[in-house]
**Q** 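Right, I'll just put the structure down here and ask away after.
Lettering follows sequence order; numbering is per chain, from 1.
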2 protein chains.
Amino acid sequence: MDDIGQKDEPEQSGFSARAARIQDVAKLADVSTATVSRALATPERVSLEARARVQEAIAKTGYVPNPAARTLRSQKTYMVLVVLPDLANTFFSKILRGIEETLFEAGYGMIISDLDGSPEKEAHFAAFTAAGRVDGAILLNGHLFGQSRDGEGSPARLSIPLVALCEAIPSADIPQIEIDNRAAASRMTQHLAALGHKRIAYVSGPAGNILERERFQGFKDGLERADLPYDPALVIPGDYTIEAGVRAGQILVAQTTRPTAVFCTSDQMAIGLMRTVFSAGLKVPDDISVAGFDDIEFAAVAEPSLTTIHQPRRELGQAAASALIDLLQGRPSPKRIRLETDLVIRDSVVPLR
Amino acid sequence: MDDIGQKDEPEQSGFSARAARIQDVAKLADVSTATVSRALATPERVSLEARARVQEAIAKTGYVPNPAARTLRSQKTYMVLVVLPDLANTFFSKILRGIEETLFEAGYGMIISDLDGSPEKEAHFAAFTAAGRVDGAILLNGHLFGQSRDGEGSPARLSIPLVALCEAIPSADIPQIEIDNRAAASRMTQHLAALGHKRIAYVSGPAGNILERERFQGFKDGLERADLPYDPALVIPGDYTIEAGVRAGQILVAQTTRPTAVFCTSDQMAIGLMRTVFSAGLKVPDDISVAGFDDIEFAAVAEPSLTTIHQPRRELGQAAASALIDLLQGRPSPKRIRLETDLVIRDSVVPLR
DNA sequence: AAGTTTCATGTAAACGATTACATAGGGACG
DNA sequence: CGTCCCTATGTAATCGTTTACATGAAACTT
């Protein structure tokens with residue numbers, strides 16, 4: 001029943017090396033396609049003997065399951081979407097690596113979407129998830145997608161499992177993986193105060209951003225603990241980028257009564273700010289202490305090396321990916337994970353003379 | 001013929017908002033599924049009237065085509081794989097952004113694979129492409145995948161369109177997008193020489209790497225043009241990372257007769273090296289000039305700011321994506337694109353006293 | 001020894017699109 | 001007015017899996 005040329009054999013003589021299908025494997029192993037499928041998905045449900053034959057046939061044919069067919073039938077893509085605000089930002093690279101590692105080990109692939117502040121792209125990726133191209137998503141951008149179209153007949157789009165990473169999304173009931181931004185910022189502020197600094201400037205993140213809100217709150221907490229007054233004039237607007245740091249530096253050096261320390265809420269800004277400070281002929285830390293946040297790779301090798309808050313970026317990525325995988329595989333998933341940060345003391349901050 | 005409940009209507013009363021299929025749209029617009037499909041893929045082959053009805057029905061149902069079904073039938077995934085050696089490396093971020101932008105505009109999604117030096121992962125992603133999960137790939141890792149298994153019955157795997165980015169793959173007949181590393185390195189070397197430096201150290205990339213080979217060749221070219229002898233003792237091994245730069249710096253400061261200038265073949269190494277040099281009590285550029293390569297964001301804000309070779313990273317990414325899209329859509333694609341680099345003169349290099 | 005589970009497998013119906021082929025209607029042309 | 005061609009559409013096969021259901025054999029129960 002298997003030697004007689006059936007009907008798909010004839011074109012075998014053709015040239016184009018057609019990819020092997022499950023049927024080819026089944027025929028070669030003299031089992032049904034169902035058995036082949038089971039041998040791959042649930043080996044324990046297939047006899048040792050049949051399993052061996054299938055394995056052999058797979059090796060012989062070089063069979064690789066067709067993902068599209070698999071997805072179509074099973075509704076599983078084994079793909080995860082990672083949404084982030086700016087791919088070019090150094091801060092995300094290591095997080096991405098943590099995510100990728102973990103997803104990879106679990107057999108998931110990673111699709112990246114760089115939102116780039118464009119609502120158009122956002123809409124596109126919303127459709128992307130709606131179309132079922134991914135099983136779940138990790139959101140680093142601090143908000144959900146602009147959900148489904150309204151319209152009368154339109155059914156609510158089923159939403160896929162989501163995880164928020166770094167920027168919590170308070171309104172959403174999804175796992176949140178983050179650090180305690182408020183506590184970390186407070187700690188840094190207290191550290192500066194403990195060294196005798198009384199006029200501490202704060203270079204903020206983008207207005208409205210949740211990280212910014214938390215860190216700002218932490219800054220004020222820290223001042224309060226140190227019995228220092230909060231002075232709005234010492235808050236300089238920023239947006240976490242190097243350029244924002246450069247601009248903040250310009251504002252800083254132009255001030256008549258300068259602060260003795262600056263707390264930048266990102267290392268990128270701290271590094272950009274130091275650049276401007278140097279160009280203005282001032283010295284860090286002699287004339288002014290500078291602290292950062294994030295502990296990116298360059299913080300340790302900056303000149304002077306940067307006192308900052310260490311974020312376990314790789315671990316953050318891993319934790320988020322794990323949480324999502326739990327969700328996808330129906331396991332209970334932690335609602336909120338807060339990883340520990342560290343105060344890393346280097347050379348850019350010194351006690352007030 | 002369309003008002004009478006056929007057989008998929010009954011469960012309509014159910015709750016789970018089932019995603020609309022092409023059949024639902026067809027029924028609502030009173031046309032066949034073929035017409036709906038055509039209205040989307042080739043609107044010009046559908047009458048204005050029918051097209052309008054289909055549009056309306058799509059809006060009403062919120063229909064989004066199922067990508068798996070589409071791929072299964074048409075063999076197109078509209079996905080591109082980007083293979084890179086190290087996702088955490090700053091250098092790649094902006095390239096990725098360039099790639100993503102261009103792919104996005106053309107309707108393609110991007111899947112990222114961080115090889116991480118693991119052959120296991122490499123094999124995995126080779127299978128990935130073989131399984132037809134992507135239409136094409138952009139390779140930033142400097143070599144092809146370890147191709148198909150051998151075995152007797154195994155047919156050669158059909159290979160998908162590929163593009164090599166940054167690290168050329170000489171053996172492969174695929175579009176190569178790169179800069180002229182040799183010319184750029186030569187230029188920098190001559191620049192240093194023109195400023196009076198006679199003992200110029202060279203911090204290399206990883207041995208065997210094609211970029212390294214070209215840049216090293218360029219370094220020697222530059223020495224020759226400047227009538228300087230090549231001294232192997234002045235070559236310090238590196239691998240483009242910050243840490244390698246730090247180590248190179250240690251070797252450098254330990255030398256008895258120190259060079260007066262160092263050409264680091266990556267900015268990351270240059271920045272790491274300067275760190276060590278400072279720690280040893282030397283000054284850049286007063287005691288030693290340091291040059292980099294790449295012009296990453298931090299080069300401009302390093303202290304001192306870094307003289308380097310500017311690579312148009314975003315444009316490199318865009319060019320690679322464009323070339324791949326050309327290939328995928330059957331258009332002729334350029335065989336080799338070399339984008340221009342620039343010598344960026346900043347403060348880390350000064351004339352020899 | 002008859003009834004009940006369990007196990008290993010096969011059969012065939014989905015999954016939701018695309019597209020080759022067929023068909024019908026309407027000019028254009030001689 | 002018949003023939004040919006073009007346009008717009010419909011019918012139904014196909015893409016390659018997974019999986020609900022059916023089947024028969026073997027292993028336990030009682």
Side-chain angles (χ1 to χ4, degrees), chain A residues 1-2 6-8 11 16 18-54 57-58 61-78 130-133 135 158, chain B residues 1-2 6-8 11 16 18-54 57-58 61-78 130-133 135 158:
Chain A
M1 210 213 260
D2 74 318
Q6 284 237 338
K7 94 155 202 254
D8 16 346
E11 45 211 288
S16 73
R18 231 169 150 315
R21 294 155 309 166
I22 198 171
Q23 240 196 66
D24 305 328
V25 175
K27 197 175 291 178
L28 198 62
D30 197 25
V31 295
S32 72
T33 60
T35 299
V36 176
S37 181
R38 283 189 283 251
L40 284 152
T42 52
E44 71 278 7
R45 314 192 80 78
V46 172
S47 71
L48 228 69
E49 192 200 11
R51 219 188 300 168
R53 284 212 311 279
V54 168
I58 286 177
T61 54
Y63 170 71
V64 179
N66 180 314
R70 193 173 259 194
T71 297
L72 177 58
R73 177 64 226 241
S74 66
Q75 310 284 27
K76 298 212 170 303
T77 62
Y78 285 95
R133 280 174 100 105
D135 292 342
L158 77 161
Chain B
M1 209 218 260
D2 73 319
Q6 284 235 336
K7 91 153 203 252
D8 15 347
E11 43 211 294
S16 73
R18 231 171 148 315
R21 295 157 311 166
I22 197 170
Q23 239 195 69
D24 306 328
V25 175
K27 198 176 290 179
L28 198 61
D30 196 26
V31 295
S32 71
T33 60
T35 299
V36 176
S37 181
R38 283 190 285 251
L40 284 151
T42 51
E44 71 278 7
R45 314 194 80 79
V46 172
S47 71
L48 228 68
E49 194 200 10
R51 220 187 300 170
R53 283 211 311 280
V54 168
I58 287 178
T61 54
Y63 169 71
V64 179
N66 179 312
R70 194 175 256 195
T71 296
L72 178 57
R73 176 65 226 241
S74 67
Q75 311 283 25
K76 298 209 170 305
T77 62
Y78 285 95
R133 281 174 101 105
D135 292 343
L158 78 163

**Q** Just compare D:dA12, D:dG10, C:dG10 and give me whichever is closest to any side-chain atom of A:Arg38.
**A**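 My answer, after comparing the listed nucleotides, is C:dG10.
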**Q** OP1 or OP2 of C:dA17 less than 4.0 angstrom from a side-chain nitrogen or oxygen of B:Tyr63, does that happen here?
**A**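 The answer is yes; a side-chain N or O of B:Tyr63 sits under 4.0 Å from OP1 or OP2.
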**Q** Among the nucleotides C:dT9, D:dC15, D:dG10, which one has an atom lying closest to any side-chain atom of B:Leu72?
**A** D:dC15
**Q** What I want to check is whether an N or O donor and acceptor connect the side chain of A:Arg70 with the base of D:dT18 at under 3.5 Å.
**A** no
**Q** What integer distance in Å separates A:Asp24:CG from D:dG16:P?
**A**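 After rounding, the gap between these two atoms is 9 Å.
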**Q** Tell me: NZ of A:Lys76 to C1' of D:dT19, nearest whole Å?
**A** 14 Å
**Q** Describe the nucleic acid contact of A:Ala68 in one word from base, sugar-phosphate, nothing, applying a heavy-atom distance below 4.0 Å.
**A** nothing
**Q** Examine C:dA17: is either OP1 or OP2 under 4.0 Å from a nitrogen or oxygen in the side chain of B:Ser74? Give yes or no.
**A** no
**Q** Which heavy-atom pair separates A:Ala131 from B:Pro65 by the least distance, and what is that distance?
**A** CB-O, 3.9 Å
**Q** Does a side-chain N-to-carboxylate-O contact under 4.0 Å join B:Asp24 and B:Arg21?
**A**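 Yes, charged N to carboxylate O under 4.0 Å.
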**Q** Where the side chain of A:Val31 is defined as all heavy atoms beyond and including C-beta, which of C:dA17, C:dG10, C:dT9 is the nearest nucleotide?
**A** C:dG10
**Q** In terms of side-chain heavy atoms of A:Gln75, which of C:dG10, C:dG16, D:dC15 is nearest?
**A**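 For the A:Gln75 side chain, the nearest candidate turns out to be C:dG16.
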**Q** State, to 0.1 Å, how close B:Arg53 and B:Asp30 come at their nearest heavy-atom pair, and which atoms those are.
**A**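 Looking at all heavy atoms of both residues, the closest pair is NH2-O, 3.7 Å.
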**Q** Compare every heavy atom of A:Ala39 with every heavy atom of A:Val46, then report the nearest pair and how far apart it is.
**A** CG2-N, 3.7 Å
**Q** Separation of B:Leu40 atom CG from C:dA17 atom C1', in whole Å?
**A** 11 Å
**Q** What is the distance, to the nearest angstrom, from the CD1 atom on A:Ile58 to the C1' atom on D:dG16?
**A** 14 Å
**Q** Looking at A:Arg45, does any N or O in its side chain come under 4.0 Å of the phosphate oxygens OP1/OP2 on C:dA8?
**A**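 Answer no for this pair, as no side-chain N or O of A:Arg45 is under 4.0 Å from OP1 or OP2.
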**Q** Map B:Ala34 and B:Ala69 onto DNA chain D by nearest heavy atom, then report which one ends up closer to the 5' terminus.
**A**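 Closer to the 5' end of DNA chain D: B:Ala34.
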**Q** Any donor and acceptor pair, going by atom type alone, linking the side chain of B:Arg51 with main-chain N or O of B:Pro43 inside 3.5 Å?
**A**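 Side chain of B:Arg51 to backbone of B:Pro43, a donor-acceptor pair under 3.5 Å: yes, one is there.
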**Q** Answer whether the closest heavy-atom distance between the side chains of B:Tyr63 and B:Leu40 falls below 4.5 Å.
**A**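 They are in side-chain contact.
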**Q** Rounded to whole Å, how long is the line connecting atom CD of B:Gln23 with atom P of D:dG10?
**A** 13 Å
**Q** What is the distance, rounded to the nearest whole Å, between atom CZ of A:Arg21 and atom C1' of D:dT14?
**A**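 The distance from CZ of A:Arg21 to C1' of D:dT14 comes to 11 Å, rounded to the nearest Å.
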**Q** Would you state whether a donor and an acceptor, one from the side chain of B:Arg73 and one from the base of C:dT18, lie under 3.5 Å apart?
**A** yes
**Q** At under 4.0 Å, does any side-chain N or O of B:Ser37 touch on OP1 or OP2 of C:dT18?
**A** yes
**Q** Rounding to an integer number of Å, can you tell me how far B:Asp30 CG sits from D:dA8 C1'?
**A**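 In whole Å, D:dA8 C1' and B:Asp30 CG are 14 Å from each other.
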**Q** Please tell me which of the listed nucleotides, C:dA8, D:dT17, D:dT9, lies nearest to the side chain of B:Ser47?
**A**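 Given the options C:dA8, D:dT17, D:dT9, the side chain of B:Ser47 is closest to D:dT9.
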**Q** Reckon B:Thr33 has a side-chain N or O less than 4.0 Å from the OP1 or OP2 of C:dA17?
**A**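 So the side chain of B:Thr33 is outside the cut-off, no N or O lying under 4.0 Å from OP1 or OP2 of C:dA17.
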**Q** Taking OP1 and OP2 of D:dC15, is either one under 4.0 Å from a side-chain nitrogen or oxygen of B:Thr71?
**A** no
**Q** Take the protein atom CZ of A:Arg53 and the nucleotide atom C1' of C:dG10, then report the distance between them rounded to whole Å.
**A**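 Distance check: A:Arg53 CZ to C:dG10 C1' gives 13 Å.
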